Amino acid sequence: MRTPLCDEFGIDYPIFAFTPSEHVAAAVSRAGGLGVLGCVRFNDPDELEKTLTWLDDNTDGKPYGVDVVMPMKIPTEGTSTDLASYIPEEHRKFVDETLLKLGVPPLPEGEGREGVLGWLHSVARSHVDIALAHRPVLIANALGSPPVDVIEKAHAHGVKVAALAGAAKHALSHVANGVDIIVAQGYEAGGHTGEIASMVLTPDVVDAVGPDVPVLGAGGIGSGRQVAASLALGAQGVWTGSIWLGTEEYRNLASNKGWETAFLRATSSDTVRTRIYTGKPARLLKTKWTEAWAEEGAPTPLPMPLQNLLVADAHNRINASGDPDVISMPVGQIVGRMNEVRPVADVMASLVAEFEEAVAHLNKVNG
């Protein structure tokens with residue numbers, strides 16, 4: 001399993017692993033892939049600085065990347081207090097009443113944290129600046145192409161830029177802005193995702209951008225067979241995410257005691273694409289919380305970043321309650337195959353072994 005991206009980034013396998021956990025990212029990189037740390041959860045610049053320093057020291061000198069959430073167009077912003085004033089009272093009331101109905105208790109006095117500010121453009125820019133003071137080989141943007149000046153700054157530091165795309169036209173726009181790698185994220189994926197499935201999207205994007213722009217297939221990839229399928233569709237590698245939520249290393253970050261119970265019993269049908277998490281379409285595990293927002297009379301989710309600020313305290317309370325029936329967690333349809341908790345190294349080894357078996361099977365079919 002070797003493509004030009006392996007030589008480009010100094011990795012053994014073209015397996016890119018998005019994760020909010022530095023422990024998972026480091027373990028993937030040590031196992032020969034490219035761990036990509038999601039930065040959106042870091043409100044405190046010092047916390048991100050310490051985490052990236054930890055990554056520098058715990059990847060055995062292997063490369064890693066970072067992922068930010070930055071819109072191409074620079075929006076008007078304010079402080080979290082200012083932004084909170086734009087949240088309608090009916091939305092606050094709905095959240096409070098829903099938590100009460102679902103039996104989610106309040107947090108003890110003084111516990112909890114403010115909403116994730118990494119959705120703000122200015123905060124995402126600070127994430128880029130902090131990252132460039134370390135040694136990432138890749139900066140990926142979950143909302144497509146970052147502004148051109150951010151791309152140019154990354155390139156000036158010798159860092160490649162990747163952008164997620166849910167349609168071929170988006171990929172072409174990203175390339176025109178200077179993006180180096182396209183992540184073709186299909187409908188099956190967890191978190192922010194579009195409306196076109198991976199089997200259609202990957203070759204669409206590969207053909208649109210041409211042979212000189214590497215494409216990573218994303219969405220629904222949790223086995224070596226799916227890695228092989230993505231490469232067969234023209235991708236030079238894969239972008240994975242959900243499968244790393246089911247690893248032992250992720251336990252260092254997971255704050256919801258009911259999370260493992262929830263995903264271990266879930267099927268591929270137990271997810272829903274909704275705006276209730278961030279204000280943009282994102283695939284979440286289907287629970288009583290997501291179902292409440294789909295009921296008649298529920299308010300329409302607010303735009304980013306207001307929706308996340310609205311539900312931030314609710315997420316804290318849900319996480320603390322540990323109820324697997326209420327959990328709020330982005331995850332892809334591949335959750336139906338996440339049937340046990342394993343070390344990252346074992347997951348990587350399985351991806352490689354299954355890939356080799358799939359290729360051998362195709363060679364046999366080919367005669």
Side-chain angles (χ1 to χ4, degrees), residues 5 8-9 16 18 34 36-40 65-77 116-132 136-187 189-196 198 201-219 234-241 275 278-283 303-305 330:
L5 286 178
E8 180 76 40
F9 290 110
F16 293 64
F18 165 78
L34 189 76
V36 181
L37 177 70
C39 295
V40 73
V66 297
D67 178 276
V68 298
V69 179
M70 180 183 291
M72 174 65 185
K73 295 181 180 179
I74 302 175
T76 301
E77 293 186 2
V116 174
L117 300 179
W119 310 115
L120 297 177
H121 187 93
S122 58
V123 176
R125 276 184 176 267
S126 75
H127 291 163
V128 170
D129 291 339
I130 293 168
L132 290 176
V137 296
L138 178 73
I139 292 179
N141 185 27
L143 294 184
S145 173
V148 172
D149 69 291
V150 173
I151 297 173
E152 292 174 345
K153 179 182 286 188
H155 288 167
H157 284 77
V159 177
K160 297 291 186 180
V161 177
L164 272 67
K169 64 180 181 181
H170 299 152
L172 288 170
S173 176
H174 300 342
V175 172
N177 289 328
V179 166
D180 304 290
I181 298 171
I182 300 298
V183 179
Q185 177 137 303
Y187 177 79
H192 295 122
T193 191
E195 299 178 342
I196 304 173
S198 298
L201 179 65
T202 299
D204 273 0
V205 171
V206 168
D207 292 348
V209 300
D212 296 331
V213 179
V215 173
L216 300 178
Q236 283 197 30
V238 292
W239 178 271
T240 56
R275 295 178 181 269
T278 70
K280 289 185 177 291
R283 185 172 299 283
M304 181 185 282

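Here the structure is a predicted model, which means the values were calculated and not measured. By convention here, the first residue in the shown sequence is residue 1.
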Which residues pass the side-chain contact (heavy atoms from CB on, under 4.5 Å) test with A208, not counting sequence neighbours? A168, L172
Return the CZ to OG1 distance between R283 and T193, rounded to the nearest 0.5 Å. 6.5 Å
Kindly write out the residues that satisfy side chain to side chain donor-acceptor pair (under 3.5 Å) with H157, not counting sequence neighbours, or none if the list is empty. none
Quick test of your reading: applying salt bridge (Lys or Arg N to Asp or Glu O under 4.0 Å), list the pairs with at least one residue in residues 202-214, sequence neighbours left out, ordered by first then second residue. none
For residues S198 and A218, report the shortest heavy-atom separation together with the two atoms involved. OG-O, 2.9 Å
Contacts of V128 meeting side-chain contact (heavy atoms from CB on, under 4.5 Å) (sequence neighbours excluded), chain-then-number -> V68, M70, L132, I139, V150
Residues pairing under side chain to side chain donor-acceptor pair (under 3.5 Å) where one sits in residues 176-185, two or more places apart or in two chains, turn out to be S145-N177, H155-D180
side-chain contact (heavy atoms from CB on, under 4.5 Å) against A162, all qualifying residues, sequence neighbours excluded: L138, A140, I181, V183
Heavy atoms only: give me the nearest A171-V205 pair and the separation to one decimal. CB-CG1, 3.8 Å
Hey, could you give me the CG/OG1 distance between L143 and T278, rounded to the nearest 0.5 Å? 8.0 Å
Can you name the ring-ring contact (aromatic ring centres under 6.0 Å, His included) partners of Y187, sequence neighbours left out? none
For A235 and G217, the nearest pair of non-hydrogen atoms, with its separation, is CB-N, 3.7 Å
Holding to ring-ring contact (aromatic ring centres under 6.0 Å, His included), I want the full list of residues that pass it with F18, two or more places apart in sequence or in another chain. none
Who are the side-chain contact (heavy atoms from CB on, under 4.5 Å) partners of A163, not counting sequence neighbours? H174, V179
Approximate separation, where rounding is to 0.5 Å, of F16 CZ and L216 CG: 5.0 Å
Distance col, row N141:CG vs I151:CD1, nearest 0.5 angstrom, shows 8.5 Å
Looking at every non-hydrogen atom in both residues, tell me the closest pair between G166 and L201 and how far apart they are. O-CD1, 3.5 Å
Could you please spell out the steps behind the side chain to side chain contact (heavy atoms under 4.5 Å, CB included) verdict for L37 and H127? CA-CA 11 Å; L37 177 70; H127 291 163; over 6 Å; no
Pairs flagged by salt bridge (Lys or Arg N to Asp or Glu O under 4.0 Å) wherever residues 155-175 is involved - sequence neighbours left out: E8-K160
Report yes if the side chains of P281 and E195 come closer than 4.5 Å at any heavy-atom pair, otherwise no. no
Those residues that, when tested against T202, pass side chain to side chain donor-acceptor pair (under 3.5 Å) (two or more places apart): none
Go through the structure and list residues passing side chain to side chain donor-acceptor pair (under 3.5 Å) with K280, not counting sequence neighbours. none
